[in-house]
Amino acid sequence: MPELPEVETIAKGLHQAIAGKRIKEVKAIFPGIVRQNFRIFKKTIIQKEIKGVRRRGKYLLIDLSEGKTILTHLGMTGGFLFINLPNSPPKVSVRRPPQSRLNSKHDHLIFRFCESNAGLCYNDQRKFGKIKVFNTTEEKNIPELKKLGLEALEISSSEFIRIFKNRKGRIKSALLNQQIIAGLGNIYTDESLFEANIHPAQKMNLLKASKLKDLHKAIRKVLNKAIKAGGSSIENYSDIDGRMGRFQLHHKVYGREGEFCKRCGRKIKRIKINQRSSYFCPKCQPLKDA
DNA sequence: TTGCGTGTTGGACA
DNA sequence: CTGTCCAACACGCA
């Protein structure tokens, strides 16, 4: 679920909702989501003020006062909900936003802020998400961040071409590799490859620079449109107010196996690449082999 | 009932 | 550097 556009939507929503607020309390229903000693985590962030919320690749970064930053990855099904908490601290009953698609049974962490009854709930059905806090000055050394490639929306056309030409493997594998370029996942690689008329299994060394340029442009176009639409809601993604994204309504190939290509009318096909379903139009995205 | 597939990353291995 | 397979987990579906 959460690829760059979804994480970007959440980051903006969080920034809006909690910047300037101070963390009063953290409650763990399932502390395993925090990938370090929970008591230390709690002690480190409590009483700190939220300075801002950023995104790096598919990671969320919540900057706190006194030089601390919370790193969050949402995995497949993680999400935040901005909520109202009743005044009695011990009993945390979560009043969910009306449109929320996240089952309360998978609430794992509850943050309470000093201001009003504001709270934040971390929900994650599959528990693949992770959260930890680190010293902001060490950001360059955090293993998760250190490995990331250039931001998908910041890389220039020439850098993009330089990085992808002369590689051997299949284009989709490389696009999914966060160490090469950060932010794309299964949905947006398929949508971008369709937009650029490139077969997902295309070997990169057979792609001309002009084609890579098309792909770079396609990625920007798809991601920017998806951000404008608030991301894609397939199963249980929603923003911090429980609202669904709308970009799934504009998917041209993802999840459309057997349906007709919106451009040429042929049936969309599905193949496996790196154990991941890959959707494409066989007519619009021909495979070139040597 | 059983098995399979699902938006993620990371590690082991050839 | 590549690609492949598997693991973490919970759920819906055939």
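Note on naming: letters A, B, ... go to the chains in the order of the sequence lines (proteins, then strands), and numbering restarts at 1 for each one.
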_DNA chain C contacts among residues 156-167 of chain A, heavy-atom distance under 4.0 Å_ =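 Listed by number, they are A:R167.
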*asked:* Using the rule side-chain contact (heavy atoms from CB on, under 4.5 Å), only one of A:H199, A:K172, A:R170, A:R270 pairs with A:S278; which is it?
replied: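 So, applying the side-chain contact (heavy atoms from CB on, under 4.5 Å) to A:S278 and each of A:H199, A:K172, A:R170, A:R270, only A:K172 qualifies.
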*asked:* Using atom P in both nucleotides, what's the gap between B:dG5 and C:dC5 to the nearest angstrom?
replied: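 Their P atoms lie roughly 13 Å apart.
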_When the P atoms of C:dC6 and B:dC4 are compared, how many Å lie between them, rounded to an integer?_
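Taking atom P in both B:dC4 and C:dC6, they lie 11 Å apart.
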Provide, to the nearest angstrom, the distance between the [atom1] atom belonging to [X] and the [atom2] atom belonging to [N].
X	N	atom1	atom2	result
A:I180	C:dT2	CD1	C1'	10 Å
A:N177	C:dC1	CG	P	11 Å
A:D190	B:dT8	CG	P	10 Å
A:I131	B:dT8	CD1	C1'	15 Å

*For the residue pair A:H73 and A:Y59, does the interplanar ring angle fall in the parallel (under 30°), tilted (30 to 60°) or perpendicular (over 60°) class?*
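Answer is perpendicular, since the angle exceeds 60°.
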*In terms of ring plane angle, is the pair A:F111 and A:F41 parallel, tilted or perpendicular, where the classes change at 30° and 60°?*
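Rings of A:F111 and A:F41: perpendicular, over 60°.
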*Involving DNA chain B, stems made of at least three consecutive Watson-Crick or G-U pairs, both distances under 3.5 Å*: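 Stem segments, range with range: B:2-6 with C:10-14, B:8-14 with C:2-8.
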May I ask you to verify if any side-chain N or O of [X] is less than 4.0 angstrom from the OP1 or OP2 atom of [N]?
X	N	result
A:Q178	B:dT9	yes
A:K147	B:dG10	yes
A:K58	B:dT9	yes

*asked:* Each nucleotide in nucleotides 4-11 of chain C should get exactly one letter: B, S or -. Can you fill that in based on protein heavy atoms under 4.0 Å?
replied: SS--BBBS
Listing time: all N or O pairs from protein to nucleotides 12-14 of chain C that are below 3.5 Å?
none

Got a list of side-chain donor-acceptor pairs under 3.5 Å for residues 200-214 of chain A, not counting sequence neighbours?
residue, atom, partner, partner atom, Å
A:Q202, OE1, A:K288, N, 2.9
A:Q202, NE2, A:K288, O, 2.8
A:K211, NZ, A:A196, O, 3.1

*Classify the side-chain pair A:Y188/A:D190 by whether it contains a donor and acceptor separated by less than 3.5 Å.*
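No.
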*Could I get the full list of side chain to side chain donor-acceptor pair (under 3.5 Å) partners for A:K269, not counting sequence neighbours?*
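Scan of A:K269 (side chain to side chain donor-acceptor pair (under 3.5 Å), adjacent residues dropped) gives none.
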